[in-house]
Number of protein chains: 2
Amino acid sequence: MVTQSEISEQQRVDRVFRALADATRRDIVRRTLHAEASISELAADYDMSFAAVRKHVGVLEAADLVARTPRGRERIVRGNPETIRRAMELLGHFEQIWRGRVDRLDALFAEDS
Amino acid sequence: MVTQSEISEQQRVDRVFRALADATRRDIVRRTLHAEASISELAADYDMSFAAVRKHVGVLEAADLVARTPRGRERIVRGNPETIRRAMELLGHFEQIWRGRVDRLDALFAEDS
DNA sequence: TGATTGTGTAACCATTTGGTTTCATGTTAG
DNA sequence: CTAACATGAAACCAAATGGTTACACAATCA
């Protein structure tokens, strides 16, 4: 049996935004979208331990913002543009809601005149 | 002297994504983009205390995702589409970085052939 | 083989977060 | 004026977060 630990869409969205709410993690996403890198290569450029960077990569992976694939003794990290795109779409829906309100206000003014 | 408690752009971005990483807060943003509401009106629809909802509104306000203006004894909350738009742009930059990599790979294949 | 490198993970710690209850204060309704 | 309502804020608490050090293990190099 494949136990698909049931996780809601809400929680998945929570994880994406939570993962993006840290400058180091945003930088890792940026870098690994630009070019893949091993965790050690990533860690070399931050003022914190390897273990800390490893945890950040774990948070990003749980949010599906990066993928981690083995290559020899290394783990290659790649950014996932699809998850970024989904987050953008979500924010786009918020903007649409706002535009909807503006349209309704416009309609009210139109009735007035 | 106007003490502008110095806050970095990074921290401002942190706050926006952090604020969006909670389903209740996303719902408050959605609702107040659609139509303004008092904190009490908002709180009536969530299964938590007024104080908890008040805190969520505080987090959203600190991220500039909503604004709070007094009206009589109420505080009217309105969603701020501009901050949403800025967050979208940020994610858009990430996508551009990825597209840049694809373009470079395309160039490599072109050289190959 | 042995040393080095890259990774995974556990145990620990301080701080932040997200909730609670309680109480004070300002504002409006009767 | 008094009661009810809306808000603000403090004190408290459990859990999550973001870092550390230490150690085990796998893979590669010489």
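Numbers restart at 1 for each chain; the letters A, B, ... are given by sequence-line order, proteins then strands.
With distances taken from any side-chain atom of R18(B) to the nucleotides dT17(C), dG19(D), dT20(C), the minimum falls on dT17(C). Counting only heavy atoms from C-beta on, K55(A) has its side chain closest to dA11(C) among dT7(D), dG18(C), dA11(C). Closest to the side chain of S49(B), from the set dG18(D), dA6(D), dT21(C), is dT21(C). Nearest to the side chain of A51(A), among dG8(D), dA22(D), dA6(D), sits dA22(D).
Within the 4.0 angstrom heavy-atom criterion, only backbone atoms of the sugar-phosphate kind lie near S40(B); the bases stay farther away. Within the nucleic acid shown, R71(B) has no heavy atom closer than 4.0 Å to any nucleic acid atom. Residue R25(B) is classed as a sugar-phosphate contact, given heavy-atom separations below 4.0 Å to backbone atoms only.
Here R54(B) does not reach the OP1 or OP2 of dA6(D): none of its side-chain N or O atoms lies under 4.0 Å away. A sub-4.0 Å separation between OP1 or OP2 of dA6(D) and a side-chain N or O of R75(B) is absent.
Nearest-nucleotide assignment on DNA chain D puts the 5′-proximal partner with F50(B), out of V59(A) and F50(B).
Taking every heavy atom of both residues into account, R31(B) and E41(B) meet most closely at NH2-O, 3.5 Å. When all heavy atoms of L65(B) and V29(B) are compared, the pair lying nearest together is CB-CG2, 4.4 Å. Summarising the geometry of A19(A) relative to L60(A), their closest heavy-atom pair is CB-CD2, 4.0 Å, with the distance given to 0.1 Å. Nearest heavy atom pair, residue R26(B) against residue F94(A), reads O-CE2, 3.5 Å.
Between the base of dT7(D) and the side chain of R73(B) there is no donor-acceptor pair shorter than 3.5 Å.
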